[in-house]
Amino acid sequence: MIRDDALKARAKMVIPGGMWGHMNAQALPAGYPQFFEHADGVHIKDVDGNAYIDFICGFGPMILGYNDAEVEAAFEDQRARLDATNGPAEVMVELAELLVETIPAADWAMFSKNGTDATTACVTIARAQTKRRKILVAKGAYHGAAPWCTPRFDGITTEDRAHLISYTYNDVASLTAACAQAGDDLAGILVSAFRHDARHDQEMPTPEFANAARALADQHSAALIVDDVRAGFRIDIGGSWEPLGVLPDLSAWSKALGNGHAIAAVTGNDRFRDAAQMVFVTGSFWCGAASMAAALATVQKLKRTNAISHMAKLGNLLRTGVQAQADGLGIGLRQTGPVQLPIMLFEDDTDFSMGNVFTTTALRHGVYLHPWHNMFLSAAHTEDHIATALVATQHGLEAVAQQFPPKP
Ligand code: PMP
């Protein structure tokens, strides 16, 4: 990877470590490119000209595929008229109206740029409304990169985390105990749409857990906050807890909302409207009208088409196909959580060396998978893409079987 290596070397001179955060390819096994030069539909091309079918979709934003014509036309049309200026454009109201109409738990919406903006605003609004401090957070859950939630502790003070209490996802007893610990200082219960911690089997929320979270929040007059940043619009257009019949008070959205354009949203119910109005949240680009136009077009297209059921159907094809291949080779493979957000983890693979062999082999066969993070399907994937992916996964699993022979 000649150009990739050269760019990495140049980056190291002027960017600390060459790259920050979760898109740092150093976190991936050798062979993964850091830099890309082209993306279209479900295809990405690295700077050395290697093309891949992408199953990461930019870590979620690409729900209709890269360069969706309808979304890009809406974005360009708005951008040509105005984007970031002294105040919002009409499209902000249209987008809020569309979200309120689409998301049963939402009576209002506010916009920002990144998922962290949205989760942080949810926590701030919950505290402002309840005039309390404690927020319950599931162990291992990711809610963003601000000091209150970033998974690394460098540069973080204990005071930044002083009012967080942890519980175990899907464990009603631990959630109840955390509520008791918060006592009359409980501001909110923060839950991921489903358990999607990296390097871990995924877990859908059980109905018992979701109902208990709602009931405990009500009992304590606290906020139930669903972080739908990652899963939003891939499980249910009305919100990921909609199929459970549990309505959150506040929800955080981003990633797929604008099909790759920078936008995030907080939605909430009327109980939290005054607090949402009270808190001071803003950003230089939060009124960006072009991303709002992209989001409007994205949500409209998701509603008009069968995007979610299409992703589920293809996700099933991928999951059953890969499972049959693994079973055929006697390899223990665990695939968990919603099929639209697949994860593939190997038995007895604590250091992910099997996952690394699997995914780097697939990469060499033109399919970009992730060894320990959930992946993302898009509405632009087709059965042909899944068939091509299954050729690559077969090679990947054969390499695993060869290097890690199944125990007799
Ligand atoms: N919450 C969840 C569940 C996420 O997956 C992410 C991003 N991976 C965030 C919050 C933070 O979003 P962002 O990186 O856009 O700030």
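The analysis underlying the following values was restricted to heavy atoms, covering all of them including side chains, and did not include hydrogens, waters or symmetry mates. Start at 1 and go down the list; that is how both ligands and their atoms are numbered.
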Those residues that, when tested against Phe233, pass ring pair (Phe, Tyr, Trp, His ring centres under 6.0 Å) (two or more places apart): Trp253
State, without any angle test, whether Asp384 and Thr382 hold a side-chain donor-acceptor pair at a distance under 3.5 Å. no
In chain-and-number order, ligand 1 lies under 4.0 Å from a heavy atom of each of Asn114, Gly115, Thr116, Tyr142, His143, Gly144, His196, Asp227, Val229, Arg230, Lys255
Could you pull out the closest heavy-atom pair between Pro205 and Phe194, with the gap in Å? CD-CB, 3.7 Å
Taking the side chain as C-beta and beyond, is there a heavy-atom pair between Glu203 and Thr336 under 4.5 Å? no
Do Lys255 and Arg230 touch side chain to side chain, with heavy atoms closer than 4.5 Å? yes
Kindly indicate whether the side chain of Leu136, heavy atoms from C-beta on, has any atom under 4.5 Å from the side chain of Leu216. no
